[in-house]
Amino acid sequence: QVQLVESGGGLVQAGGSLRLSCAASGRTFSSYVMAWFRQAPGKEREFVLWISGSGATTYYGDSVKGRFTTSRDNAKNTVYLEMNNLKSEDTAVYYCAAGRVAERSSAAYNNWGQGTQVTVSS
C-alpha cells in the first residue's frame, strides 16, 4: 500500500497554467504506475493520464493531450501534473492514484489521494 497526498490545486484563469504534485509514502514508489483522474460535479471520474514506474512511458487522455504533461521524481516519491492552456472544462477535483498495471480504468488503481480542486475561470 502507498499513501498519496495531492497539492497545488487552486483557481486559475482560462489559458493559464497550474502544477499539481502528488507525494507518496513508502519505499516502493518506483514500482507503481501513477495515474491522474479528475471528477467534475455531476460527472463520472475521468481518466487523465498515467506514467510508468520509471517515468519512461506516459499515456494521455484525448481531452488533455498536448496541454498536460506528467513527470515523476522517484527519489522524492513525487509525481507531477503540469497543466497548460487550461479551459473551463478542466475544472474538477484531481486525484492521483497508484497501481500495478497501466490502465485507463480507475478500477486498476487501489491507492488514491484525497484530491485537490482545480477551478478554471473563463
J.: I'd like to check Val2 versus Thr28 (side-chain heavy atoms, cut-off strictly below 4.5 Å). Are they in contact?
T.: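 Counting from C-beta outward, Val2 and Thr28 never come under 4.5 Å.
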J.: Are side-chain heavy atoms of Tyr32 and Asn111 found at a separation under 4.5 Å?
T.: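 SC-SC contact between Tyr32 and Asn111 confirmed.
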J.: Are any of the side-chain heavy atoms of Tyr95 and Glu6 separated by less than 4.5 Å?
T.: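 In short, these two side chains touch, coming nearer than 4.5 Å.
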J.: Are the side chains of Met83 and Val118 in contact, using a 4.5 Å heavy-atom criterion?
T.: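 Yes; the side chains approach each other to less than 4.5 Å.
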J.: Consider only side-chain heavy atoms of I, L, V, M, F, W and Y, link residues closer than 4.5 Å, and tell whether Leu4 and Leu20 are in one cluster.
T.: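 Same cluster.
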J.: Any side-chain heavy atom of Ser25 sitting closer than 4.5 Å to one from Gln1?
T.: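 No, too far: nothing below the 4.5 Å cut-off.
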J.: So, applying side-chain contact (heavy atoms from CB on, under 4.5 Å) with Ile51, which one of Thr57, Val33, Leu81, Thr58 is it?
T.: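 The passing option is Thr58.
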J.: Measure from NZ or CZ of Arg72 to the centre of the six-membered ring of Tyr80 and say whether it is under 6.0 Å with the direction within 45° of the ring axis.
T.: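 No, Arg72 does not sit over the ring of Tyr80.
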J.: Taking salt bridge (charged side-chain N to carboxylate O under 4.0 Å, His left out) as the test, write out the residues that go with Glu46, two or more places apart.
T.: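 Here the qualifying residues are Arg38.
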J.: Under 3.5 Å, is there a donor-acceptor pair linking the side chains of Thr119 and Gln117?
T.: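 The criterion, which ignores hydrogens and geometry beyond distance, is satisfied for Gln117 and Thr119.
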J.: Could you check whether atom NZ of Lys65 has more than 12 heavy atoms from other residues, nucleotides or ligands sitting under 6.0 Å from it?
T.: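 Yes, enclosed.
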J.: So Leu11 and Ser121, do their side chains get closer than 4.5 Å, heavy atoms only?
T.: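 Yes, close enough: below the 4.5 Å cut-off.
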J.: Applying salt bridge (charged side-chain N to carboxylate O under 4.0 Å, His left out), can you list everything that pairs with Arg67, at least two apart in sequence or on another chain?
T.: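 Counting only residues at least two positions away or on another chain, Arg67 forms a salt bridge (charged side-chain N to carboxylate O under 4.0 Å, His left out) with Asp90.
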J.: Any link between Phe47 and Phe68 through a network of hydrophobic side chains (Ile, Leu, Val, Met, Phe, Trp, Tyr) touching at under 4.5 Å?
T.: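 Not linked; separate clusters.
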J.: What residues, two or more places apart in sequence or in another chain, satisfy side-chain hydrogen bond (donor to acceptor under 3.5 Å, both in side chains) together with Ser7?
T.: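 In terms of side-chain hydrogen bond (donor to acceptor under 3.5 Å, both in side chains), with neighbours along the sequence ignored, Ser7 is linked to no residue.
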J.: Could you tell me whether the side chain of Asn77 and the main chain of Phe29 form a donor-acceptor pair under 3.5 Å?
T.: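 No; zero donor-acceptor contacts below 3.5 Å.
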J.: Measure the spacing between OG of Ser52 and CE of Met34 and express it to the nearest 0.5 Å.
T.: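 Reported to 0.5 Å precision, the distance equals 12.0 Å.
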J.: Quick check on the 6.0 Å ring-centre criterion: do Trp112 and Phe37 meet it?
T.: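 For Trp112 and Phe37, the ring centres are under 6.0 Å apart.
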J.: In this structure, are over 12 heavy atoms from other groups packed under 6.0 Å from Gln3 atom CD?
T.: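 Open.
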J.: Measuring only between side-chain heavy atoms, which start at C-beta, is Val93 closer than 4.5 Å to Thr116?
T.: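 Not touching, per the 4.5 Å side-chain cut-off.
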J.: How long is the gap from CG on Asn85 to OG on Ser17, to the nearest 0.5 Å?
T.: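 So the CG of Asn85 and the OG of Ser17 are separated by 8.0 Å.
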J.: So does Glu89 get a backbone contact from the side chain of Thr91, meaning a donor-acceptor N/O pair under 3.5 Å?
T.: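 No: the side chain of Thr91 does not pair with the backbone of Glu89.
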J.: Assess, by modelled atom type and distance only, whether the side chains of Tyr59 and Arg104 contain a donor and an acceptor separated by less than 3.5 Å.
T.: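 Per modelled atom types, Tyr59 and Arg104 side chains form a pair under 3.5 Å.
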